[in-house]
Q: 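For reference, the structure I am asking about is given below.
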Amino acid sequence: MLAYLQNIAVLFCVNAMLAVTLNFIMGYAGIFSLAHAIFFGVGAYTAANVAMHFSDSLLLCTVAAVLVSAVLSMVLALPALRVRGEYFVAASLGLQVIGVTVFSEWKGVTGGLGGLVGIPPPTIFGHALSTPAEFLALAIAGLIAVLLITTALLRGSFGRSLMAIRDSESAAQSAGKWVAAIKTLSVAVSAGLAAVAGVIYAFYMSFVNVEGFMLETSILLMAMVIIGGTGTVFGPIIGTALLMVLPAALTYLPFLPPAELGTIQQIVYGAVMVLLMMYRPGGLVGGRRKGGQA
């Protein structure tokens, strides 16, 4: 039972990191992306390749993953950020499809559909992390670091610029804000920090393949942010907890057929989203909008 709870806790921290980093661009910059799972995957594959072929140092693998993911996101974001609103969502969907195709076909780097196996445990100052308790401590530290970094950025001038762009791009541009550069940098920060979750995930699982980075993952992450509350510090974490506890709770209901659990979970997710949009459009943390509007 303890091992099961530790496993849930590690995966919760990984998903919470992803939700927090997605909220960084969704809630504060108004950039709705359906390609967040790709940068999660880039971090995981980069760390796995560095560990398997160069060094199993956790610091080196993390730095490499963050840099590769951030740079790649900037290259991909430059053309995509020329569009706004629903057009960017469509563009990010295209990036998601391209990313999954690359993960599936680039066998020399990703292992193709079979993935990469035998990823060695990471080392910190010569000590190899191998026990569930050590990985849980690492995952918690990663989540705290991501929260601190995003919070520090949002409390400064960069965060104010992001929120100005979210509220009105044209007004922000009129005020002298370099909108394209700020949006591109925000996407790079989000992708780079998402790669940290990918590093922890790859080492914890000691195996990665494309199944963990599909469109369904990006949609689930967006649901975590929306349900918890966009533009809030702890909303994404609460949304992550809800959407991770819910499936585990459903498995303990004896009257539900095991073969149909996946379908039932999707129905419950959809119902929760609809109810929240009707009664708490700001999310569980955001609450109702001002003026009594639902």
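Index from 1, following the sequence. As the structure is a computational prediction, the values presented were derived from the model and not from experiment.
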Q: Should F158 and S186 count as side-chain neighbours, where that means a heavy-atom distance under 4.5 Å?
A: yes
Q: Less than 4.5 Å apart, any side-chain heavy atom of M52 and any of P120?
A: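 They are in contact (side-chain heavy atoms under 4.5 Å apart), so the answer is yes.
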Q: Is there a side-chain contact between M74 and V187, using heavy atoms and a 4.5 Å cut-off?
A: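 M74 does not reach V187 side chain to side chain.
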Q: Which heavy atom in A197 sits nearest to a heavy atom in V14, and how many Å separate them?
A: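 Scanning both residues, the minimum pair turns out to be CB-O, 3.8 Å.
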Q: Under the 3.5 angstrom rule, does the side chain of S69 hit a backbone N or O of A65 as a donor-acceptor pair?
A: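 It does not hold such a pair.
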Q: Ignoring hydrogens, what is the shortest heavy-atom contact between S161 and I182? Give both atom names and the distance.
A: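 Looking at all heavy atoms of both residues, the closest pair is CB-CD1, 3.8 Å.
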Q: About how many Å separate CD1 of I124 and CG of L129, when rounded to the nearest 0.5 Å?
A: 4.5 Å
Q: With side chains defined as the heavy atoms from C-beta onward, is the minimum distance between L193 and M17 less than 4.5 Å?
A: no
Q: Just by modelled atom types, is the L11 backbone N or O under 3.5 Å from a matching donor or acceptor in the N15 side chain?
A: yes
Q: Could you give the distance from CG (L138) to CD1 (I200), rounded to the nearest 0.5 Å?
A: 4.5 Å
Q: Can you name the closest pair of heavy atoms from V50 and A64 and give their distance?
A: CG2-CB, 4.0 Å
Q: I'd like to know if the side chain of N23 and the backbone of A19 have a donor-acceptor N/O pair within less than 3.5 Å.
A: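 Not at all, since once roles are kept as given, no pair shorter than 3.5 Å links the two residues.
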Q: Check whether W106 and V68 end up in the same hydrophobic cluster, where Ile, Leu, Val, Met, Phe, Trp and Tyr are linked by side-chain heavy atoms less than 4.5 Å apart.
A: no
Q: Could you tell me the separation between the CG atom of L153 and the OG atom of S190, rounded to the nearest 0.5 Å?
A: 11.0 Å
Q: Is a donor on one side and an acceptor on the other found under 3.5 Å between the side chain of Y45 and the backbone of V210?
A: yes
Q: With a 4.5 Å heavy-atom cut-off, do V199 and T46 have their side chains touching?
A: no
Q: Can F39 be reached from V63 by stepping across I, L, V, M, F, W or Y side chains whose heavy atoms are under 4.5 Å apart?
A: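 Different clusters: V63 never reaches F39 through Ile, Leu, Val, Met, Phe, Trp or Tyr contacts under 4.5 Å.
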Q: Under 4.5 Å between any side-chain heavy atoms of F203 and C61, yes or no?
A: yes
Q: Quick check: do L221 and V225 have side-chain heavy atoms less than 4.5 Å from each other?
A: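 Not touching, per the 4.5 Å side-chain cut-off.
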Q: Do L95 and V100 share a hydrophobic cluster, counting only Ile, Leu, Val, Met, Phe, Trp and Tyr and linking them when any side-chain heavy atoms are less than 4.5 Å apart?
A: yes
Q: Is V189 reachable from I144 through a run of I, L, V, M, F, W or Y residues, each pair having side-chain heavy atoms under 4.5 Å apart?
A: yes
Q: Using only atom types and a distance under 3.5 Å, with no angle test, would you say the side chain of E211 pairs donor to acceptor with the backbone of L113?
A: no
Q: What is the distance from atom CD1 of I227 to atom CE of M222, rounded to the nearest 0.5 Å?
A: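 Answer rounded to 0.5 Å: 12.5 Å.
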Q: With heavy-atom distances below 4.5 Å as the criterion, would you say the side chains of F103 and V42 are in contact?
A: yes
Q: Counting only N and O atoms by type, is there a donor-acceptor contact under 3.5 Å from the side chain of T240 to the main-chain atoms of M224?
A: no
Q: For H127 and E134, work out which heavy atoms get closest and say how close.
A: NE2-OE2, 2.8 Å
Q: So, for R166 and G27, which heavy atoms are closest and what is the spacing to 0.1 Å?
A: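 Here R166 and G27 meet closest at NH1-O, 2.7 Å.
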Q: Apply side-chain contact (heavy atoms from CB on, under 4.5 Å) to the pair F24 and L154, showing each step before the final yes or no.
A: CA-CA 8 Å; F24 184 77; L154 292 170; 3.7 Å; yes
Q: Would M26 end up clustered with M163 when hydrophobic side chains under 4.5 Å apart are linked, directly or stepwise?
A: yes
Q: Could you check whether any side-chain N or O of S92 sits under 3.5 Å from a backbone N or O of V89, counting only pairs where one atom can act as donor and the other as acceptor?
A: yes
Q: Could you tell me whether a side-chain N or O of T217 sits under 3.5 Å from a main-chain N or O of G212, the two making a donor and an acceptor?
A: yes
Q: Taking E105 for its side chain and T101 for its backbone only, find out whether a donor-acceptor pair lies under 3.5 Å.
A: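 Answer holds: no.
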Q: To the nearest 0.5 Å, tell me how far I38 CD1 sits from L215 CG.
A: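 Answer rounded to 0.5 Å: 9.0 Å.
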Q: Holding to side chain to side chain donor-acceptor pair (under 3.5 Å), I want the full list of residues that pass it with N209, two or more places apart in sequence or in another chain.
A: none
Q: Which value, rounded to the nearest 0.5 Å, describes the distance between H36 atom NE2 and T21 atom OG1?
A: 3.0 Å
Q: Please name the pair of heavy atoms, one in A188 and one in A70, separated by the smallest distance, quoted to 0.1 Å.
A: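 In terms of heavy atoms, the two residues are closest at O-CB, 3.7 Å.
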